[in-house]
Protein chains: 2
Amino acid sequence: MQLAEAKAKFIADWGRFGTNWGINRTMAQIHALLLISPDPLSADEVMEELSISRGNVNMNIRELIDWGLVQKVIKPGERKEYFSAEKDIWKVARQIVKERKKRELDLMIPVLKELSEVEGDKRDKAVKTFTDTINNIRKFSDQADRTLDTMIRADEHWFLGSLMKLFGGKRD
Amino acid sequence: MQLAEAKAKFIADWGRFGTNWGINRTMAQIHALLLISPDPLSADEVMEELSISRGNVNMNIRELIDWGLVQKVIKPGERKEYFSAEKDIWKVARQIVKERKKRELDLMIPVLKELSEVEGDKRDKAVKTFTDTINNIRKFSDQADRTLDTMIRADEHWFLGSLMKLFGGKRD
DNA sequence: TCGAACTTTCAAAACTTATTGAAAGTTTTA
DNA sequence: TAAAACTTTCAATAAGTTTTGAAAGTTCGA
């Protein structure tokens, strides 16, 4: 496969993949394009490469910056803004975990606490099933919360090394 | 908060949460409803509780069964089918990881291999950046593949115990 | 301060996905 | 075998999301 074809395929696939994860297709495509660009690109170059409108490029790049996946680059002596993506996938993964945790888990935990405090007679089967389920989810979420925090802090080498030693080895 | 209010809130929140994860709102709501029901529910009961159509219930329950999160329950002497959800959240999480891995990562890995075999001169900066990025993603994906497989196989106790020992302890 | 070069906004349009409900299909009982 | 009791399908439609592009806003250099 030639580079041009491979690039197009990667952009399309990364875009499709992104939609599975609640990221919109264009945002993932811009991310893909920047990941494989040796140099930062301007909004015009992104428009051109992906055949999308200026507004669309602007909105989605803004969101990528918000997610901490893309940075503005100012070239000396130029008015245009350029954009480049973090290329180390471990950093990208950690950044995504960090943001999603902030946007999802951190919001869910207080809601679960509130729900666990439902009033009612514990001998009532409906009440018992409800609180048991909520508490089960809480325990899981608290665990996930701590585990993800540690992962976010860990560096690649430590994380891979330890996890592989763990998973590769004993079974209890 | 009274039970009825808490149930409604949980169903709404779980539904909203689901959409962040590529699961549609109704599917997540049905799942929530079944999670907090002491007994299996019929399609009619789900329709009634969530005010949604029969077709919608049927489609989404079918998908939940497909994901391995819900089971048909036949009550002796009754024509109706009833449905119940797995209530152990660790099993639910493992099941979701297993299905998503099958539907996403397992499809991505061969594509990345193909893309890594792009033709061209490695001294060309565009080619080098492309293959470097793809190989970086491949390494990450292969690692994730193995780690997730192990997690899917692990039981709750082993997983939590080991992971917490690991994350709670040394920093390398 | 002006105007050129650029970025941002946002309402309307296009596209995508989810839902309905009536019709078709299936299973069970008598 | 017939009819009742249920489940499934699917075309039409509704709802939700993304994209466009023109207008408004901003910044910079002279």
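Every chain is numbered from 1, with letters handed out A, B, ... down the list of sequences. Just so it is clear, the values below take in all heavy atoms, side chains as well, and ignore hydrogens, waters and symmetry mates.
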(request) May I ask you to check whether B/Q29 and B/T26 show a side-chain donor-acceptor distance below 3.5 Å? (result)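 Side chains of B/Q29 and B/T26: no pair found under 3.5 Å.
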Whole-Å distance between [N] [atom2] and [X] [atom1]?
X: B/M47; N: C/dA22; atom1: CE; atom2: C1'; value: 13 Å
X: A/I74; N: C/dA5; atom1: CD1; atom2: C1'; value: 14 Å
X: A/I61; N: D/dT18; atom1: CD1; atom2: P; value: 17 Å
X: B/E81; N: C/dT27; atom1: CD; atom2: P; value: 10 Å
X: B/Y82; N: D/dA5; atom1: OH; atom2: P; value: 14 Å
X: B/N60; N: C/dT20; atom1: CG; atom2: C1'; value: 13 Å
X: A/F83; N: C/dT7; atom1: CZ; atom2: P; value: 7 Å
X: A/L50; N: D/dT19; atom1: CG; atom2: P; value: 11 Å

Which one, [options], comes nearest to the side chain of [X]?
X: B/T26; options: D/dT19, C/dA18, D/dT7; answer: C/dA18
X: A/R62; options: D/dT8, C/dT9, C/dT8; answer: C/dT9
X: B/K80; options: D/dC6, D/dT20, C/dT19; answer: D/dC6
X: A/S53; options: D/dG21, C/dT20, C/dT7; answer: D/dG21
X: B/R79; options: D/dT7, D/dA5, C/dT7; answer: D/dA5
X: B/I52; options: D/dT19, C/dT20, D/dT7; answer: C/dT20
X: A/R54; options: D/dT19, D/dC6, C/dT7; answer: C/dT7

Salt-bridge test for [X] and [Y]: reply yes if a basic N is under 4.0 Å from a carboxylate O, no otherwise.
X: B/K101; Y: B/D149; value: yes
X: A/K9; Y: A/E5; value: no
X: A/D106; Y: A/K102; value: no

(message) What contact category does B/N24 fall into here, base, sugar-phosphate, or nothing, at under 4.0 angstrom with non-hydrogen atoms?
(response)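 Sugar-phosphate only.
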(request) Indicate, with a heavy-atom threshold strictly under 4.0 Å, whether A/N58 touches base, sugar-phosphate, or nothing. (result)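 The answer is base, as A/N58 lies within the cut-off (heavy atoms under 4.0 Å) of a base atom.
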(message) Contact between B/K125 and A/D39 at the side-chain level, heavy atoms closer than 4.5 Å - yes or no?
(response)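 Heavy-atom side-chain distance check passes, below 4.5 Å.
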(request) Nearest-nucleotide wise, let me know which of A/N56 and A/E78 is further upstream toward the 5' end of DNA chain C. (result)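 The residue mapped nearer the 5' terminus is A/E78.
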